[in-house]
Amino acid sequence: MSAEIQASRHEATLILTLSNPGAKNALHPDMFAAAIEAFSTAERDDSVHAVILTGADNFFCAGGNLNTLLELRAQDRSDQADAVDSLRGWIEAIRDCPKPVIAAVETAAAGAGFSLALACDLIVAGSNAKFAMSYIKVGLTPDGGSSWFLSQALPRQLATEIMLEGKPVPAQRLHDLGVINRIVADGSTLQTALDWADELAALSGHAVERIKSLAREVRDHSLPQHFEIEKNHFVDSLNHRDAQEGIHAFLEKRAPHYK
């Protein structure tokens with residue numbers, strides 16, 4: 001069986017499953033374009049309110065395939081750079097998707113698998129899951145934006161430790177540090193993510209998209225700049241039909257019904 005991205009739907013949620021049987025869902029070039037297209041489709045499809053990224057066979061992702069990397073060493077540097085950019089394109093598709101993206105991580109996320117999880121808006125992990133910046137173990141440096149994500153989420157010393165040592169970090173430690181949102185029983189991450197996605201689907205899609213944008217871009221601006229961006233988002237939201245429905249529903253003590 002070949003490596004692929006399996007797409008399925010659960011009501012308003014698109015589930016994207018990393019599948020590479022026998023290789024712990026290691027990434028393969030065939031996956032990149034398919035993943036980018038899937039996120040592009042989710043962005044255009046108004047019936048999709050959230051996306052879940054998970055792995056087949058109770059394993060999230062072992063990262064890059066080392067045999068593929070050996071083959072890449074024999075190619076031109078420009079081809080090697082293109083391969084790195086392919087992962088970047090996938091990461092940017094996750095970040096740019098206006099719908100919330102939830103990583104459901106079972107067992108382990110290593111190397112680029114850890115990068116993919118970090119790119120998601122929310123992370124649900126099994127209680128025994130491990131996360132590893134394992135690049136250093138094979139003489140490589142991180143890609144997929146993982147060094148940026150970790151350095152944004154953690155003090156520099158902790159981020160450096162995780163990248164330099166490459167040791168598996170227990171999900172509980174990352175939860176305590178604020179990197180992971182929820183720790184659940186092993187084997188239940190997908191269902192937990194689905195339940196969470198259902199909750200998010202009941203919210204204003206317009207407001208959810210704007211909040212994701214604010215959270216994503218906050219470190220790019222000074223506080224005065226961010227005040228202006230917040231103001232523009234707030235005024236746009238106030239004039240959107242969702243605000244009218246949300247305010248009336250609150251005052252009428254009923255659940256809102258967003259279109």
Side-chain angles (χ1 to χ4, degrees), residues 12-14 36 39-40 42-46 48-53 87-103 114-124 142-160 162-163 174-182 193 196-259:
T13 301
L14 174 65
I36 293 170
F39 277 100
S40 177
E43 182 174 351
R44 297 190 304 267
D45 189 344
D46 291 338
V48 173
H49 292 185
V51 181
I52 292 174
L53 187 64
L87 177 58
R88 172 183 173 176
W90 187 350
I91 298 295
E92 289 179 335
I94 294 173
R95 299 293 287 174
D96 293 341
C97 180
K99 321 294 173 68
V101 183
I102 306 173
F114 195 178
S115 302
L116 286 170
L118 287 169
C120 295
D121 301 300
L122 305 165
I123 303 176
V124 177
D143 63 353
S146 53
S147 56
W148 187 90
F149 291 122
L150 278 178
S151 297
Q152 293 288 340
L154 300 172
R156 178 176 57 82
Q157 291 82 357
L158 280 175
T160 303
I162 290 171
M163 289 186 286
L174 291 177
H175 179 267
D176 293 343
L177 292 168
V179 177
I180 292 174
N181 297 89
R182 297 183 182 180
W196 201 353
D198 287 344
E199 294 177 17
L200 296 174
L203 303 174
S204 161
H206 183 266
V208 166
E209 178 179 345
R210 298 306 178 97
I211 289 170
K212 174 169 176 173
S213 176
L214 285 168
R216 181 179 64 239
E217 299 171 3
V218 65
R219 291 182 176 89
D220 297 334
H221 309 116
S222 65
L223 181 56
Q225 289 173 322
H226 201 71
F227 273 133
E228 290 299 310
I229 294 168
E230 276 189 332
K231 177 181 67 178
N232 292 333
H233 280 311
F234 185 90
V235 172
D236 286 346
S237 297
L238 183 62
N239 285 281
H240 194 271
R241 63 176 181 271
D242 284 0
Q244 181 179 15
E245 168 62 13
I247 293 170
H248 280 301
F250 185 86
L251 294 175
E252 296 165 9
K253 298 181 179 180
R254 60 173 176 83
H257 300 287
Y258 299 112
K259 296 180 180 179

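Only a predicted model underlies this, so the values are computations on that prediction, with no experimental measurement involved. All residue numbers refer to positions in the sequence shown, counting from 1. All values below were derived from every heavy atom in this structure, side-chain atoms included, with hydrogens, water molecules and symmetry-related copies excluded.
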>> side-chain contact (heavy atoms from CB on, under 4.5 Å) for Ser204 and Glu245? Distances and angles first, verdict last.
In response: CA-CA 9 Å; Ser204 161; Glu245 168 62 13; over 6 Å; no

>> Can you give me the closest heavy-atom contact between Arg216 and Asp220, atom names plus distance?
In response: O-OD2, 4.5 Å

> Taking all atoms of both residues into account, what is the closest heavy-atom pair of Cys120 and Ala103, and its distance?
Replying inline: SG-CB, 3.7 Å

> How close do Ile102 and Ala197 get, heavy atom to heavy atom, and via which atoms?
Replying inline: CD1-N, 4.0 Å

> So, are Lys231 and Glu228 salt-bridged, with charged N and O less than 4.0 Å apart?
Replying inline: yes

>> Can you give me the closest heavy-atom contact between Ala153 and Val179, atom names plus distance?
In response: CB-CG2, 4.2 Å

>> As an exercise, state the distance from NE2 of His240 to CD of Glu209, rounded to the nearest 0.5 Å.
In response: 9.0 Å

>> Would you compute the distance between atom CG of Leu238 and atom CD of Gln244 and round it to the nearest 0.5 angstrom?
In response: 10.5 Å

> If you look at every heavy atom in Ala119 and Arg95, which pair is closest and at what distance?
Replying inline: O-CD, 3.2 Å

>> Any non-hydrogen side-chain atom of His226 less than 4.5 Å from a side-chain atom of Val218?
In response: yes

>> Walk me through whether Val208 and Tyr258 qualify under side-chain contact (heavy atoms from CB on, under 4.5 Å).
In response: CA-CA 12 Å; Val208 166; Tyr258 299 112; over 6 Å; no

> When rounded to the nearest 0.5 angstrom, what distance separates CZ in Arg219 from CD in Gln152?
Replying inline: 4.5 Å

> Would you call Arg88 and Glu92 a salt bridge, using N to O less than 4.0 angstrom?
Replying inline: yes

> What is the minimum heavy-atom distance between Ala42 and Leu14, and which atoms define it?
Replying inline: CB-CD2, 3.8 Å

> Hey, what do you get for CD (Glu43) to OG (Ser40), rounding to the nearest 0.5 Å?
Replying inline: 6.5 Å

>> Using the side chain to side chain contact (heavy atoms under 4.5 Å, CB included) definition, which of the options Leu122, Val124, Asp121 pairs with Asn181?
In response: Leu122

>> Could you walk me through whether Leu150 and Phe114 satisfy the side-chain contact (heavy atoms from CB on, under 4.5 Å) test, starting with their C-alpha distance in whole Å, then the side-chain angles of each, then the deciding distance to 0.1 Å, before giving a yes or no?
In response: CA-CA 10 Å; Leu150 278 178; Phe114 195 178; 4.2 Å; yes

>> Taking Pro100's backbone N and O only, do any of them form a donor-acceptor pair with Lys212's side chain (distance below 3.5 Å, no angle check)?
In response: no

> With a 4.5 Å heavy-atom cut-off, do Arg254 and His248 have their side chains touching?
Replying inline: yes

> Do other residues, nucleotides or ligands put more than 12 heavy atoms under 6.0 Å from the CZ atom of Arg156?
Replying inline: no

> Atom CD1 of Ile94 and atom OG of Ser115: how far apart are they, to the nearest 0.5 Å?
Replying inline: 10.0 Å

>> Does atom CG (Asn239) have a neighbourhood of more than 12 heavy atoms from anything else shown, all under 6.0 Å?
In response: yes

> Just how far is it from atom CH2 of Trp148 to atom CD1 of Ile91, taken to the nearest 0.5 Å?
Replying inline: 11.5 Å

> For Asp143, does its backbone N or O pair with a side-chain atom of Ser146 as donor and acceptor, under 3.5 Å?
Replying inline: yes

> Step by step, would you call Ile162 with Leu154 a side-chain contact (heavy atoms from CB on, under 4.5 Å)?
Replying inline: CA-CA 10 Å; Ile162 290 171; Leu154 300 172; 3.7 Å; yes

